[in-house]
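See structure below.
Residue numbers start from 1 in every chain, and the chains themselves are labelled A, B, ... in the order their sequence lines are given, proteins ahead of strands. On a predicted model such as this, the values are computed, not experimentally measured, just so you know.
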Number of protein chains: 2
Amino acid sequence: MSLRHAVLGLLARSPSTGYELTRRFDLSLRTAWHAQHSQIYPALAKLEEAGMVEVVARGARNSKTYDITDAGREELERWLVLEEPDRSQRNESALRLFLGQLLAPDERRTVFDRDLAYVEQQDRELRALRDALEPDEPFAAQVDLGLRTNRVLIDWLREQAERT
Amino acid sequence: MSLRHAVLGLLARSPSTGYELTRRFDLSLRTAWHAQHSQIYPALAKLEEAGMVEVVARGARNSKTYDITDAGREELERWLVLEEPDRSQRNESALRLFLGQLLAPDERRTVFDRDLAYVEQQDRELRALRDALEPDEPFAAQVDLGLRTNRVLIDWLREQAERT
DNA sequence: GTTGACATGTAACAAGTTACATGATTGA
DNA sequence: TCAATCATGTAACTTGTTACATGTCAAC
């Protein structure tokens with residue numbers, strides 16, 4: 001289960017409430033993993049039961065801030081280094097790109113243009129994020145990878161549009 | 001449910017048995033969607049019930065070859081053009097790249113090197129596939145996108161290794 | 001006082017994985 | 001005849017989604 005390890009990883013970067021984790025999945029982890037709050041709260045409960053995270057603070061609105069424990073860090077490291085990665089992917093946008101080739105040119109154009117607009121918007125947001133970051137922060141490398149991947153996608157989508 | 005549309009799309013390219021679809025998910029759809037045979041057979045049954053696919057041949061070993069129907073083509077087109085894409089992604093490899101930044105340099109090196117080896121292998125296979133393809137086939141564009149994305153990933157992983 | 005963001009949870013259902021189960025055909 | 005591959009299916013379980021449910025706090 002990658003969700004549990006994703007949660008451990010986010011907490012290793014900084015302690016958070018379940019609510020904050022939900023937003024962090026949508027921000028920093030957007031292109032890697034996705035989870036709703038209805039999955040995150042039970043996951044936190046299980047990780048706490050297993051001694052891999054702990055509540056380190058209780059704040060306003062009954063919020064609970066979790067942090068990773070040493071056992072959690074150990075498990076995260078074990079998973080990253082020793083466990084064979086699951087290489088399977090699920091990416092509906094990529095599926096649509098693939099299936100879009102079946103459409104008539106005008107329909108394909110509609111579908112690809114919508115995609116292009118989305119990726120360009122994501123790209124602008126990622127650029128803004130990069131500009132707000134210290135270049136030596138480890139996270140900057142991730143943002144950089146995202147920007148390069150976007151570049152490839154944008155170019156490809158534009159070429160496809162031209163060929164229509 | 002994207003699986004049903006992925007199946008429709010593959011059948012629209014060419015009729016297949018459930019067994020062949022399972023392999024085609026692992027080959028042409030590897031970077032977009034993943035499905036096991038235990039999911040594909042029930043999906044085909046449901047699509048047949050809904051009149052979107054039909055059995056067009058029965059061969060050796062009790063095999064059933066399915067093809068997409070007009071209703072299926074219509075549904076696929078409707079889904080591609082009218083339905084709002086689900087942009088959420090699940091990509092364990094990307095998650096590991098992200099979490100890998102938490103590791104000590106030597107461990108990170110191990111993890112990233114394993115990834116680099118995998119992506120390079122994929123890249124060789126994709127190159128071979130491209131070389132066996134007519135350049136004007138629609139599928140060639142998809143392969144080209146895959147090759148460009150691989151290039152970005154390989155470069156990034158090598159840079160990360162150098163900086164260690 | 002009421003709207004909106006913060007905050008946490010559960011229940012019912014759908015999708016996906018792993019393991020089980022069976023049998024046909026081909027080639028060595 | 002034995003192993004490998006082709007071929008289809010189901011059952012038990014886990015993961016993920018959608019909808020429901022509740023309450024806090026700050027700003028207007």
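In this structure, A:Y41 places its OH atom 17 Å from P of D:dT22, rounding to the nearest Å. Rounded to whole Å, the distance from CG on B:D86 to P on D:dT17 is 8 Å. Atom-to-atom, CE of B:M1 to P of D:dT15 comes out at 20 Å; the value is rounded to the nearest Å. Atom NE2 of A:H34 is separated from atom C1' of D:dG16 by 10 Å (rounded to the nearest Å). Atoms CD1 (B:I40) and C1' (D:dC6) sit 15 Å apart, rounded to a whole Å. Counting to the nearest Å, the C1' atom of D:dT15 and the CD atom of A:Q36 are 12 Å from each other. Rounded to an integer number of Å, the gap from NZ of A:K64 to C1' of D:dG23 is 14 Å. Atom pair B:L95:CG and D:dG16:P shows a separation of 11 Å (rounding to whole Å applied).
Among the protein residues, A:T17 comes within range of the sugar-phosphate backbone only, with heavy atoms under 4.0 Å from sugar or phosphate atoms but none that close to a base.
Applying the ring-ring contact (aromatic ring centres under 6.0 Å, His included) test to every pair with at least one member in residues 122-164 of chain A, sequence neighbours left out, gives these pairs: A:F112-A:W156, A:F139-B:F98.
Minimum atom distance to the side chain of A:R61 is reached by D:dT24, of the listed D:dC6, D:dT17, D:dT24. Nearest to the side chain of B:S63, among D:dC25, D:dA7, D:dT18, sits D:dA7.
Using a 4.0 Å cut-off between a side-chain N of Lys or Arg and a carboxylate O of Asp or Glu, B:D115 and A:R87 qualify as a salt bridge.
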Could you give me the CA-CA distance, side-chain angles and deciding distance for B:K46 and B:E49, then say whether salt bridge (Lys or Arg N to Asp or Glu O under 4.0 Å) is met?
CA-CA 5 Å; B:K46 280 211 165 182; B:E49 210 187 316; over 6 Å; no

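A heavy-atom distance below 4.5 Å is not found between the side chains of B:M52 and B:R4.
Taking side-chain N and O atoms only, A:Q39 has a distance below 4.0 Å to OP1 or OP2 of D:dT17. Neither OP1 nor OP2 of D:dT8 sits under 4.0 Å from any side-chain N or O of B:Y19.
A donor-acceptor pair under 3.5 Å is absent between the side-chain atoms of B:R73 and the main chain of B:A12, judged by distance alone.
A:L82 and B:L95 fall within a single hydrophobic cluster, where Ile, Leu, Val, Met, Phe, Trp and Tyr side chains are chained together by heavy-atom contacts under 4.5 Å.
Annotation: the span from A:L103 atom CG to A:T110 atom OG1 amounts to 9.0 Å, rounded to 0.5 Å.
Read 5' to 3', the first and last nucleotides of DNA chain C with an atom closer than 4.0 Å to a heavy atom of chain B are C:dA15 to C:dT26.
Both B:S38 and B:S88 lie close to DNA chain D; mapped to their nearest nucleotides by heavy-atom distance, the more 5′-ward contact belongs to B:S38.
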